[in-house]
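Right, one structure below, let's go through it.
Numbering of residues begins at 1 and proceeds along the displayed sequence.
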Amino acid sequence: MATPLSDTPLSPLLKTVAVVGLGTMGTGIAEVLARAGRDVIGIDISEAATAQAVTALEASTARGVQRGRCTEQERADVLSRFRTFTDLRAAADADLVIEVTPESYDIKQQVFRALDGIVRPETILATGTNALSVTRLAADSARPERVLGLHFFNPAPAMKLVEVVSSVLTAPSAVAAVTDLALQLGKEPVAVGDRPGFVADGLLFGYLNQAAAMYEAKYASREDIDAAMKLGCGLPMGPLALLDLIGVDTARTVLEAMYAESRDRLHAPAPILKQLSEAGLTGRKSGRGFYSYEAPGSATVVRDALTPLDGAALTPGRTVRSVGVAGSGTMASGIAEVFAKAGYEVVLAARTEEKAQAAKARIGKSLSRSVDKGRMTAEAAAQTLERITPAGSYDAFAEVDLALEAVAEDLEIKQQLFATFDKVCKPGAVLATTTSSLPVVACARATSRPQDVIGMHFFNPAPAMKLVEVVRTVLTTDDVHATVREVCAKIRKHPVDCGDRAGFIVNALLFPYLNNAIKMVQEHYATLDDIDAAMKLGGGYPMGPFELLDVVGLDVSLAIEKVLHREFRDPGLAPAPLLEHLVAAGCLGRKTGRGFREYARR
């Protein structure tokens, strides 16, 4: 009978740690441990892998000396603490064993069964899996109470996040010991339960899967999908480039495990992942995945048959000298500022002259801040403001070449406005909507010239955010599309092309991810703070999902999620009840002082 964990003393420092599996991740974990003063036993059945692990540690520590991060003596001490073996019996004296073998139940179970007959009764056994069930692995062990998950992120020496995964069988003292170790290693541990993907990968891989499906459906190019998520959300990498870095085959394995558990269609691997995997196009490591690379293992992307051609558009655009912006809110004034800075004459029209004047005054304050920060001269700011003419009637749009609305996200209001544009704007004027969630074609059909209507979805704050989603309907002409692409270049924005469907690129990928984060809290799987920390530290996100939800506004988020659910009819896109309850209670985020968190009233 196994010794109960609570009755067995634990090594307070877990001083000797065995790492089983010396691939990239295992070698990285071994380096972290050795640098932190632990005696590390590296084990791999491949002598080539053990030799490569030693070489990698020698090279890494040599760079540390060159950069002044450690002395030669400290380097020698680190290297002396790392010993490698090809026999699992070398783990006999370990206080903790971390297995980082391939994501296969058969392989991992063989390792754990063998360890049962090798290690001491008090030794903790940790799996580095990010896709398989820790509970299932523990159940096959002779000491299930000593088995847990310890999920590092790649590259282990650089990434701060460690997910400490406990099953229903795991003893609390084992969790506490490993959590203390993670802290001693300089990591930030988050406690999570046992489900495929845990927190960070559980949220990340659903998002990556949807991006792959979006590309497979030919909704947008790989370059535009990646640019949209980097520029629209501040992410360090686009989803398709990230899939290539992780490995398309690895992503497929994780998603298969997640789908087996959740049966959520959002986790069912996109067919393109299977096609690429089976063709051996697994990403950077093979030299080709969603993109083509200079060589296997290279990060340098090279042109291939799918790379867009450089040069001018095949269809010339229309001439745009003056722009009309309809609206008086933050987005309208921000867009007007962007166009005026780029040298366009701008008519800023609102329902009343007072509202238009107030919007222009807001732009004046924004320009003054730019002057104070040294981003533009006082003269340039004055000239920019002079180019903006406020108006209390849309009749002032009679001579503009581009009329762009930024009014409330209400289809009826927008349709009424486009009917007005149709009456007052001259023939040949391009008519654009900044909607983020409504059908552009519904706005177009409110006019007698739907071929001239297009979506230009700016992101808030418009002066700072570089992305514009350019949304063509089935009726938009080529020259209107070309016009908007040319205008984006002149106002120094990055345009991405997409079709007229709910969420376009960014919101269609962002909001299901946010919704899944809410479901994790709703199901008491992890805390707000741990989820936010996991996505910032493990995914490189500038904000955690709950920070972002409170900034965006829970009411706005709910409205977008309802639109996505209504359009795609996927049960997995149904808004989380917790979000609906908070909105019904008037807890809308920072703007009301309370959302998922409470904020000080200003």
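- By the 4.5 Å heavy-atom criterion applied to side chains, Tyr513 and Asn516 are not counted as neighbours.
- No side-chain heavy atom of Glu561 sits less than 4.5 Å from a side-chain heavy atom of Glu580.
- The side-chain heavy atoms of Val100 and Val19, taken from C-beta on, include a pair separated by under 4.5 Å.
- The two residues Leu235 and Pro542 make their nearest non-hydrogen contact at CD2-CD, 4.1 Å.
- Interatomic distance, CD of Glu216 versus CD of Gln275, reported as 5.5 Å (0.5 Å rounding).
- For the atom pair Leu579 CG and Leu554 CG, the distance stands at 5.0 Å (nearest 0.5 Å).
- The backbone N or O of Pro121 lies less than 3.5 Å from a partner atom in the side chain of Arg146, making a donor-acceptor pair.
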Walk me through it: do Thr16 and Asp93 pass the test side-chain hydrogen bond (donor to acceptor under 3.5 Å, both in side chains)? CA-CA 7 Å; Thr16 302; Asp93 294 327; over 6 Å; no
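- Judged by distance alone, the side chain of Asp249 and the main-chain N or O of Ser277 form no donor-acceptor pair under 3.5 Å.
- Of all the heavy atoms in Lys187 and Pro157, the pair that sits closest is NZ-O, 3.7 Å.
- A donor-acceptor pair is defined here as one N or O able to donate and one able to accept, closer than 3.5 Å; no such pair exists between the side chain of Glu163 and the backbone of Val192.
- What you find for Leu255 and Gly206 is that their closest heavy atoms are CD2-N, 4.4 Å.
- Classification of Lys108 and Glu99 as a salt-bridged pair holds, one side-chain N sitting under 4.0 Å from a carboxylate O.
- Put simply, the side chain of Phe205 reaches to within 4.5 Å of the side chain of Ile246, judged on heavy atoms.
- Checking side-chain atoms of Asp530 against main-chain N and O of Val190 turns up no donor-acceptor pair under 3.5 Å.
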Go through it in stages, so that I can follow the logic: the residues are Arg594 and Asp550, the test is salt bridge (charged side-chain N to carboxylate O under 4.0 Å, His left out), and I'd like the CA-CA distance, side-chain angles, deciding distance and then a yes or no. CA-CA 8 Å; Arg594 185 177 174 190; Asp550 279 353; over 6 Å; no
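- A pairwise comparison of heavy atoms in Ala18 and Ile43 identifies CB-CD1, 4.4 Å as the closest pair.
- Taking a 6.0 Å sphere around CD1 of Ile45, one finds it holds 12 or fewer heavy atoms contributed by other residues, nucleotides or ligands.
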What's the verdict on side-chain hydrogen bond (donor to acceptor under 3.5 Å, both in side chains) for Tyr259 and Asn209, showing C-alpha distance, side-chain angles and the deciding distance? CA-CA 11 Å; Tyr259 181 69; Asn209 191 41; over 6 Å; no
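- With hydrogens and angles ignored, the 3.5 Å screen pairs a side-chain donor or acceptor of Asp116 with a backbone N or O of Ala142.
- Distance alone, capped at 3.5 Å, places no donor-acceptor pair between the Thr27 side chain and the Thr24 backbone.
- Leu548 places a side-chain heavy atom less than 4.5 Å from the side chain of Leu510.
- Looking at every heavy atom in both residues, Val97 comes nearest to Ala91 through CG2-CB, 4.2 Å.
- To the nearest 0.5 angstrom, Ile41 atom CD1 is 14.0 Å from Arg89 atom CZ.
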Intermediate values then yes/no, side-chain hydrogen bond (donor to acceptor under 3.5 Å, both in side chains), Ser133 and Asp194: CA-CA 7 Å; Ser133 168; Asp194 181 25; 3.2 Å; yes
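- With rounding to the nearest 0.5 angstrom, the OG1 atom of Thr135 is 11.0 Å from the CG atom of Leu148.
- Of the possible polar contacts, none joining the Asp39 side chain to the Lys15 backbone as a donor-acceptor pair under 3.5 Å is found.
- Distance alone, capped at 3.5 Å, places no donor-acceptor pair between the Arg252 side chain and the Leu273 backbone.
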Test side chain to side chain contact (heavy atoms under 4.5 Å, CB included) applied to Arg35 and Glu74, step by step: CA-CA 9 Å; Arg35 284 180 181 273; Glu74 288 168 338; over 6 Å; no
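- Side-chain contact between Ile124 and Leu150 is absent, with no heavy-atom pair separated by less than 4.5 Å.
- Checked by atom type and distance alone, the side chain of Asn515 pairs as donor or acceptor with a backbone atom of Ala576 at under 3.5 Å.
- With respect to the salt-bridge test (charged N to carboxylate O, under 4.0 angstrom), the residues Arg75 and Glu58 do not qualify.
- At least one side-chain heavy atom of Val506 sits less than 4.5 Å from a side-chain heavy atom of Met229.
- A distance of 6.5 Å separates CD1 in Ile518 from CG in Leu578, rounded to the nearest 0.5 Å.
- Looking at Glu103 and Thr253, their side chains never bring a donor and an acceptor atom within 3.5 Å of each other.
- With hydrogens and angles ignored, the 3.5 Å screen pairs no side-chain donor or acceptor of Ser141 with any backbone N or O of Leu137.
- A side-chain N or O of Asp77 and one of Gln73 form a donor-acceptor pair less than 3.5 Å apart.
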Would Asp44 and Thr84 count as a side chain to side chain contact (heavy atoms under 4.5 Å, CB included) if you check the C-alpha gap in whole Å, the side-chain angles of each, and the deciding distance to 0.1 Å? CA-CA 8 Å; Asp44 199 292; Thr84 60; over 6 Å; no
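- Using a cut-off of 4.0 Å between Lys/Arg side-chain N and Asp/Glu carboxylate O, Glu523 and Lys519 are scored as not salt-bridged.
- Atoms CG and CG, from Leu96 and Leu14 in turn, are 5.5 Å apart once rounded to the nearest 0.5 Å.
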Evaluate side chain to side chain contact (heavy atoms under 4.5 Å, CB included) for Leu509 paired with Ile225, printing each intermediate quantity in order. CA-CA 10 Å; Leu509 296 178; Ile225 291 171; 4.3 Å; yes
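- A salt bridge links Arg597 to Asp529: one of the charged nitrogens lies within less than 4.0 Å of a carboxylate oxygen.
- By the 4.5 Å heavy-atom criterion applied to side chains, Phe596 and Asp532 are not counted as neighbours.
- The side chain to side chain contact (heavy atoms under 4.5 Å, CB included) test with Pro189 is passed by exactly one of Val178, Thr179, Leu161: Thr179.
- The shortest heavy-atom contact between Pro239 and Tyr207 is CD-OH, 3.2 Å.
- Using modelled atom types and a 3.5 Å distance limit, the side chains of Ser167 and Thr170 yield a donor-acceptor pair.
- Look at Asp244 and Arg288 and you find no salt bridge, because none of the NZ, NE, NH1 or NH2 atoms lies under 4.0 Å from a carboxylate O.
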Between Tyr219 and Ile505, does the side chain to side chain contact (heavy atoms under 4.5 Å, CB included) criterion hold? Intermediate values first, please. CA-CA 9 Å; Tyr219 175 67; Ile505 297 174; 4.0 Å; yes
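- Around the CD atom of Glu47, the shell of radius 6.0 Å holds no more than 12 heavy atoms that belong to other residues, nucleotides or ligands.
- When the options Asp201, Val162, Val199 are evaluated for a side chain to side chain contact (heavy atoms under 4.5 Å, CB included) with His151, the one that passes is Asp201.
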